[in-house]
Structure formats: C-alpha cells, structure tokens
2 protein chains.
Amino acid sequence: MSNATISDVAKKVGVSESTVSRYLSGFKVRNSESIKKAIKDLNYRPNIMARNLKSGKTGMVAVIVPDISNPFFASIVRGAEVAAGDDYMLQLISTNDDPDKEEAAIRRLNGRVDGLIYVPAKEDSQAITEFEDYAFPVVFVDRVISNLRRFDSVLADNQTGASLATKHLIEHGHAAIAHIAGPSASTPGKGRAEGYLAALKKSKIERNNDYLVESDFTVLGGYQAMMGLLALKKRPSAVFVGNNLMTIGALKALKESKVNVPDEMAVIGFDDHELSDLVNPPLTVISRDAHLQGALAMSTLLERIRDGYQFPPKQLKVDSNLVIRQSCGSTCLYRKTDSDKKILSSSTSS
Amino acid sequence: MSNATISDVAKKVGVSESTVSRYLSGFKVRNSESIKKAIKDLNYRPNIMARNLKSGKTGMVAVIVPDISNPFFASIVRGAEVAAGDDYMLQLISTNDDPDKEEAAIRRLNGRVDGLIYVPAKEDSQAITEFEDYAFPVVFVDRVISNLRRFDSVLADNQTGASLATKHLIEHGHAAIAHIAGPSASTPGKGRAEGYLAALKKSKIERNNDYLVESDFTVLGGYQAMMGLLALKKRPSAVFVGNNLMTIGALKALKESKVNVPDEMAVIGFDDHELSDLVNPPLTVISRDAHLQGALAMSTLLERIRDGYQFPPKQLKVDSNLVIRQSCGSTCLYRKTDSDKKILSSSTSS
DNA sequence: AAGTTATCTGCAATCGTTTTTAGCAATTTG
DNA sequence: CAAATTGCTAAAAACGATTGCAGATAACTT
C-alpha cells in the first residue's frame with residue numbers, strides 16, 4: 001500500500017535511480033518505455049517532501065488574511081488562487097486581526113512556503129521584526145506594515161475612493177457627514193479617513209470630531225458606532241461607512257432605530273456585495289476589484305520568487321469606483337445602464 | 001543568510017547532531033543550556049521538509065471547496081481552521097465545481113497533506129477511482145461521493161430542512177409551490193428536492209413538474225430559473241430556492257420583473273446570511289451552522305489521522321432551522337424574540 | 001577502421017532531519 | 001567489590017529524491 005519509491009522503479013527496470021530521475025525530469029533516456037510502464041505498474045508517485053528537501057522549494061504560497069469569512073478577503077484569496085494556477089498551491093491562515101497570531105503564523109511558515117501574501121492588522125505590527133529572519137518574499141495586500149517598504153504591495157486607492165464617497169454625499173446637499181472609520185492603525189482605516197477629511201476640507205465644510213468615529217471593521221463595531229452617532233444631540237444627516245462589515249452593522253442599527261434611509265440618514269459604504277443591490281434601500285457604495293487585487297498580488301509574488309529583488313519594490317493600486325444606487329437618495333438612474341448600475345470611475349492604477 | 005542547520009548547532013556546542021535533535025524533542029540532555037544558547041545565537045530553525053521526509057507526516061490538511069468566495073464555504077473553511085488549532089495548517093483549493101479540477105487537485109495533494117476535507121461537485125464523480133491510490137483519510141462536508149462510504153461525512157439535514165421550508169409555505173396558504181433546485185447529481189441538490197417533494201406529498205399537493213427546476217447553485221442559474229418560472233402560463237405563488245447564491249439570483253429576477261415579494265411571490269431560501277435581514281423584504285430562510293459543519297469535519301479528520309479507521313465511518317448531520325422573516329408573508333413576529341428572529345428547530349444531529 | 005565527439009549511464013554525495021545501536025560513565029545493587 | 005542497572009552520548013543508517021563526475025556506449029567524422 002505504501003507508495004513505491006524511485007528505487008523500486010529503478011530496480012524493476014534494471015537501471016539506476018538517477019536514470020529514472022532523469023526520465024522524470026524530461027531528459028532523453030534509453031529505456032524510457034519500460035520506465036514508463038514500471039511507473040504505472042508500481043503506481044509510483046514522487047515523494048514531494050524528498051524533492052522539496054533537495055530543491056529547497058516547497059511549491060506553496062501562504063495567504064494570511066484577517067478572516068476568510070469576510071467576502072472581501074475571500075475574493076482576494078480567490079483571485080490569488082486563480083493567478084497561481086498550477087504553479088503554486090495556497091496555504092490559508094486567518095488571524096482574526098490579532099498581531100500575535102500573525103507573528104506566530106509567520107514563524108510557523110518558515111520552510112513551508114516560498115512566499116507570502118499578507119493582509120496585516122496594523123501598520124506598526126510587531127511582526128515586522130520577524131520578517132528580518134525569514135527568507136521568503138512578501139506581498140502586502142490591502143494593508144501594509146509601514147516599516148517594511150522593501151516589500152511589494154497591492155492596495156486600493158483608499159483616499160480617492162473615500163473622497164469620492166464624501167463628495168457624493170456633499171453633492172446631495174449634506175453637510176453634517178459622519179464617517180465610521182476602521183482602525184487608524186490600519187492602512188485602509190487611515191487612508192479612508194484621510195480621504196473623507198480631504199473632501200470635507202475641499203468643500204470648506206468644518207470638521208466635527210464627533211462625526212469621525214473610529215471602529216474596528218466588524219459588524220458589531222459598525223452597529224455600535226452608528227448607535228453612537230444616532231445618540232448625538234446634533235445627528236449627522238449622512239454617513240460614510242469605512243468597510244463592508246461595519247456597513248451591515250450600521251444598517252442594522254438604523255433599521256432597529258427606525259431611522260429611514262436615505263431620508264433621515266444617507267448611507268454610503270465601502271466595498272460592494274452581490275446583495276447590496278437587494279438591500280432596502282439598494283446600497284450606494286465605493287467598490288474596487290478585490291479579485292484583481294488578489295491576482296495582482298500573486299503575480300507580483302511569483303515574479304519575486306522567480307527573479308528576486310533585483311527590481312525595486314512595486315506599489316500597485318487598484319481603482320475605487322462609485323456605484324450609485326439609492327441609499328444616498330439618488331434617483332434610480334442606474335436602470336438606464338446596461339450593467340444594472342452606474343459606475344463612475346475614479347482613479348487609475350499605477 | 002541561509003538558515004543554520006542542526007549540524008551547525010552541534011558543531012558550535014561540541015556535541016553530536018543527535019544530541020541536539022534529542023534536546024529539541026524534549027529529552028534530557030547534559031549541555032541543554034549551551035545548546036539553547038547556540039540555537040538562539042545561530043537563529044536555528046529546524047528544516048520542516050527534512051523533518052517531514054523523515055516522519056512521513058506533513059502537518060497539513062487540505063480543504064477542497066467549490067468556491068471560497070461563496071460565504072457558506074468560507075464559513076466551513078473558517079470552522080475547520082478554528083478546529084485545527086495549532087496542530088495542522090490548511091491548504092485551500094477551489095475547484096469551481098469542476099470534477100476534473102478536483103481530480104487533478106487530489107492527485108497533486110498526494111504526499112503534501114495528512115488528510116482532506118472535501119466538498120465534491122457530484123455524487124458520482126470520477127475522482128472516486130483516484131481515491132484508491134491515495135493514502136490519507138478524507139471527510140466529506142455538505143456533499144458526498146456516494147461510492148465512498150468508507151469515509152466520514154458531515155452533512156446538513158437537507159431533507160428535513162427542505163420539508164420545513166415547503167411546509168412553511170403550505171401553511172401560508174400556498175399550493176402552487178416551486179422549487180429551484182441544485183444539481184440533482186449533488187447531495188444537497190438531491191436531498192432538498194426530496195424534502196420538497198415529501199412535504200408536498202404529505203400535504204397531498206399534486207406534484208407539478210414545471211415547478212421543479214434544476215439549476216446549478218449559481219446566482220445566474222437562480223436568476224434564469226426564476227425567469228423561467230415567471231414565464232410560465234400558470235405561475236407559482238411561492239418558491240423555495242435551494243441555496244444562497246440561487247436565492248440572490250431569484251431575488252434579482254423578481255426585482256427586475258417588478259414582482260412583489262411576498263404578495264405576488266413568496267420566497268424562502270436555503271442558508272442564512274448576515275444581510276438576509278436587511279434585504280427587501282427580509283428573507284425567510286432555512287439555516288444551519290456552516291461553521292460547526294467545518295469544525296466537526298476537521299475534528300473527525302484529525303481523529304482519523306490519529307487513530308485510523310479502526311472505528312466505522314461516521315455520518316454526522318447538523319440541524320436545519322427555519323428562520324422566519326418576511327419574504328413568505330409572515331408578519332413581523334420576529335421582533336418579539338430576543339434574538340431578533342424566530343428560530344424553529346427542526347432536527348437533531350446524530 | 002580508427003579517432004573524435006556526442007549521449008547516455010551508474011556511482012556516490014547531498015539535502016537536514018530522526019532514530020536505532022552500541023558504548024561509556026556513573027550510579028545502584030547483591 | 002563485582003555485577004547490574006541507569007542515563008547520556010556519538011556514530012551511522014535511514015527517509016526519497018537530485019546532481020556532478022567520470023566512465024561507457026553510441027554516433028559521427030575522415
């Protein structure tokens with residue numbers, strides 16, 4: 001039952017192990033036919049571990065995400081998987097945004113993978129130091145660790161996207177605009193808050209610190225943040241929510257508080273979803289191509305694995321688009337386009 | 001730069017490699033202090049591949065799912081990951097429901113993993129034959145391959161869940177009840193259709209073949225199936241949709257056709273979602289704990305890896321629950337319960 | 001046919017561990 | 001005090017592949 005080894009094949013054919021090995025590597029070999037047959041007869045499969053030990057390669061790439069059940073990260077992973085094709089297999093790790101888990105995971109990864117696609121929790125994560133030790137290339141996706149500039153990254157254009165969202169609310173006549181932000185220690189949390197503030201400034205709307213609440217990218221966090229905003233003496237009339245999960249939480253809070261969207265509170269989210277269209281009211285969001293982000297990250301990583309760091313690190317960005325539906329009070333224009341929604345492109349990748 | 005080996009450590013301390021190895025395995029050793037120091041100084045990390053080659057174990061478990069971007073499968077994976085803890089790492093493979101890809105993946109997995117958690121596309125998949133060759137335990141989740149009874153499985157109670165859904169519609173006065181089913185070649189597609197038919201039979205409602213349409217578990221498939229139902233001379237007044245994605249598609253079709261839910265068409269889905277509550281109207285669904293399913297699968301698998309097949313294969317089932325919201329015309333009772341929704345338990349796991 | 005070159009082959013070393021074996025010293029036992 | 005037991009240790013043999021080297025065929029030259 002236990003698998004045959006290369007030596008079994010060699011013995012059966014009457015050649016040396018090296019000849020079989022060379023046959024397997026595609027070299028021209030005299031008894032290729034009988035080797036082929038013996039391999040089939042013995043159901044021989046090369047032992048990957050032995051091969052890896054010799055070659056020093058593993059044929060594996062790790063992907064560290066906060067939580068695979070977040071559809072956004074699932075899309076990234078899927079994109080990465082597709083881009084990896086048959087060359088590399090994926091190892092998946094969810095960290096729950098816990099830097100300690102990230103550190104432990106990276107430590108365990110040593111010797112198991114040839115590269116890492118990494119969505120870190122915090123820009124100043126302690127795991128930084130660990131990276132010095134480990135000898136595989138890393139590509140950051142969606143978030144970066146600021147001190148690790150030597151690695152590549154594939155981000156969304158958070159600033160532009162957030163400005164676009166805020167501007168959209170302003171154009172609908174809102175001035176009391178809140179922002180439920182992600183952790184300021186995270187790249188998108190920080191970037192989107194910056195974009196929000198920049199848009200306010202540009203329209204000469206004074207910043208109200210009560211309206212900028214920092215949360216944690218979770219449903220519950222979004223719910224609580226929204227409840228907080230509703231409890232304010234001077235309620236905002238519109239809110240830009242910093243990610244998909246917090247948007248769900250915010251909407252739950254609004255529904256529970258019987259606050260009408262968009263009349264009493266306009267809402268715009270970050271990151272689209274298959275169901276955004278069917279929510280009541282259909283949700284206007286900033287969207288970007290997570291699948292593409294994952295695919296870009298993987299191809300960048302594979303390049304590094306192949307060619308090393310002879311070229312300077314890349315900083316890729318994918319577009320953020322505004323998908324107008326009805327949660328900001330926009331009329332139902334989107335029916336007129338063939339894609340069932342109106343998309344305004346914002347920025348180009350670079 | 002390249003990692004130090006156990007021999008470097010041994011040399012530095014002045015002992016043999018085996019002594020260092022024994023120290024690492026927790027045996028009592030005379031120079032343990034200096035070995036500890038040398039390991040730290042040299043930043044020695046054991047080479048996993050060498051270790052795996054020697055032990056024949058990989059410390060890895062593969063998870064094969066149709067598509068990780070389907071939140072349901074993402075939950076399964078997450079549950080499996082949590083249950084694996086620090087003992088095993090996960091290798092992820094999406095197959096797009098393509099049996100050929102499944103087969104190729106399983107073939108590649110040989111020697112890379114100690115076990116497999118597997119959501120196959122079809123019950124009669126050709127990949128069956130492959131399994132004979134490979135020497136790791138397998139646990140099926142959500143779907144099985146019928147000829148492989150020797151492996152464990154963790155399924156949902158599809159029949160009961162589907163009956164519950166259908167009965168719910170019947171109790172709301174519907175008799176013209178359609179079912180958009182998944183592929184009949186798949187376990188849940190078949191099981192849920194059976195449950196649907198059983199419930200009709202029990203209520204002495206005649207089966208209408210136009211009302212049982214087989215689709216493919218995708219958004220587009222659900223959309224097209226619903227469009228087909230709407231085009232019928234005698235439209236059904238209610239529909240039970242066989243999975244989450246097809247439900248989204250069906251709702252899109254209804255929205256696009258301006259058919260009111262639940263007045264003109266009652267809808268009940270299979271599998272809950274964080275957003276189901278916020279959809280218009282809030283979606284009544286059959287729900288089961290996907291996270292638990294994944295966790296059970298993993299713990300079953302780890303048991304097999306540890307103890308082998310001395311015990312007969314297990315067939316676990318998780319409960320299906322009815323979550324009543326408003327898409328079937330139920331009044332808004334759910335507010336009265338503390339969990340924000342009314343849950344009727346259906347069956348117990350066995 | 002003999003010399004030269006091009007192909008292919010087996011041997012042995014190597015990758016970095018773990019584990020078995022046997023040996024040595026120190027300690028306990030009769 | 002000799003004998004038996006204990007507690008570590010080093011040396012060597014795996015684990016299953018790949019690869020440099022040198023020798024053996026085979027295939028061309030002239």
Side-chain angles (χ1 to χ4, degrees), chain A residues 1-36 38-39 41-60 107-114 133-136, chain B residues 1-36 38-39 41-60 107-114 133-136:
Chain A
M1 291 303 113
S2 84
N3 266 336
T5 75
I6 200 171
S7 129
D8 297 330
V9 177
K11 227 166 277 171
K12 177 151 187 170
V13 179
V15 295
S16 76
E17 304 179 16
S18 38
T19 301
V20 179
S21 173
R22 278 191 257 268
Y23 165 81
L24 290 170
S25 323
F27 284 71
K28 218 173 187 86
V29 157
R30 260 194 282 281
N31 316 47
S32 64
E33 276 313 313
S34 33
I35 293 180
K36 189 175 184 177
I39 286 177
D41 289 352
L42 294 170
N43 189 31
Y44 165 75
R45 306 232 143 244
N47 181 310
I48 316 279
M49 290 306 148
R51 203 173 253 182
N52 289 347
L53 172 60
K54 194 73 176 90
S55 68
K57 297 280 164 200
T58 66
M60 285 274 236
R107 183 169 279 136
R108 291 190 69 191
L109 248 27
N110 178 36
R112 295 182 179 277
V113 297
D114 297 336
D133 304 342
Y134 298 91
F136 46 72
Chain B
M1 291 304 113
S2 83
N3 265 338
T5 75
I6 202 172
S7 133
D8 297 330
V9 177
K11 228 166 275 172
K12 177 153 186 168
V13 179
V15 295
S16 76
E17 305 178 15
S18 40
T19 302
V20 179
S21 174
R22 309 181 75 90
Y23 165 81
L24 289 169
S25 323
F27 284 72
K28 218 174 185 85
V29 158
R30 257 196 281 281
N31 317 47
S32 65
E33 276 312 312
S34 33
I35 292 180
K36 190 176 184 179
I39 286 177
D41 289 353
L42 295 170
N43 188 32
Y44 166 74
R45 306 233 144 244
N47 180 309
I48 316 278
M49 291 306 149
R51 198 173 257 182
N52 288 347
L53 171 60
K54 194 71 177 104
S55 69
K57 297 280 165 200
T58 67
M60 286 274 236
R107 183 168 278 138
R108 291 190 69 191
L109 248 27
N110 178 38
R112 296 182 178 275
V113 298
D114 297 337
D133 304 341
Y134 298 90
F136 45 72

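Predicted model, so just to flag it, every value in this text is computed and none were measured. All chains are named by letter (A, B, ...) in the order of the sequence lines, taking the proteins before the strands, and each is independently numbered beginning at 1.
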Out of D:dC8, D:dA17, C:dT17, whichever nucleotide has its closest atom nearest the side chain of B:Glu17: C:dT17
DNA chain C-proximal residues of residues 18-26 of chain B, any heavy atom under 4.0 Å: B:Ser18, B:Ser21, B:Arg22
Looking only at heavy atoms, the pair that brings A:Tyr44 and A:Thr5 closest together is CE1-C, 3.4 Å
B:Ile48 atom CD1 is separated from D:dC15 atom C1', nearest whole Å, by 16 Å
Is the side chain of B:Ser25 donor-acceptor paired with the backbone N or O of B:Phe27 at a distance under 3.5 Å, no angle test? no
D:dG16 P sits how many Å from A:Ile6 CD1, rounded? 12 Å
If we ignore angles and hydrogens, is there a donor and acceptor under 3.5 Å between the side chains of B:Ser16 and B:Thr19? yes
Answer yes or no: is there a donor N or O on one side and an acceptor on the other, between the side chain of A:Ser34 and the main chain of A:Val13, under 3.5 Å? no
Measure from the side chain of A:Val15, starting at C-beta and using heavy atoms only, and say which of C:dG10, D:dG16, D:dA17 lies closest. C:dG10
Separation of C:dT14 atom P from A:Met49 atom CE, nearest Å, is 24 Å
B:Asn110 side chain to B:Arg107 main-chain N or O, any donor-acceptor pair under 3.5 Å? no
Which nucleotide in the set D:dG16, C:dG16, D:dT18 lies at the smallest distance from any side-chain heavy atom of B:Asn47? C:dG16
Rounded at 0.5 Å granularity, tell me how far CG in B:Asp114 sits from OG1 in B:Thr58. 3.5 Å
Keeping the roles fixed (side chain from A:Asn52, backbone from B:Met49), state whether a donor-acceptor pair exists under 3.5 Å. no
Round to the nearest Å and state the distance from A:Asn52 atom CG to D:dC15 atom P. 19 Å
B:Asp8 atom CG is separated from C:dT17 atom P, nearest whole Å, by 9 Å
Has B:Thr5 got a side-chain N or O lying under 4.0 Å from the OP1 or OP2 atom of C:dG16? no
For B:Lys54 and for A:Ser55, find the nucleotide of DNA chain D with the closest heavy atom, then tell me which residue's nucleotide is more 5'. B:Lys54
Separation of B:Lys57 atom NZ from D:dG16 atom P, in whole Å? 14 Å
Value for CD (B:Glu17) from CG (B:Asp8), rounded to nearest 0.5 Å, stands at 9.0 Å
Once you round it to whole Å, what is the distance between C1' of C:dC15 and CG of B:Asn3? 14 Å
Please report the distance, rounded to the nearest Å, between NZ in A:Lys11 and P in C:dC11. 12 Å
Starting from the first five and the last five pairs of the helix from C:dA1-D:dT30 to C:dG30-D:dC1, work out the angle between the resulting helix axes, to 10 degrees. 40°
Straight-line distance of B:Lys11 NZ to B:Leu42 CG, nearest 0.5 Å: 11.0 Å
Would you say B:Ser55's side chain and B:Arg51's backbone share a donor-acceptor pair under 3.5 angstrom? yes
What's B:Asn31 touching, base or sugar-phosphate or nothing? Going by heavy atoms closer than 4.0 Å. sugar-phosphate
Would you say a side-chain N or O of A:Arg51 is under 4.0 Å from OP1 or OP2 of D:dT18? yes
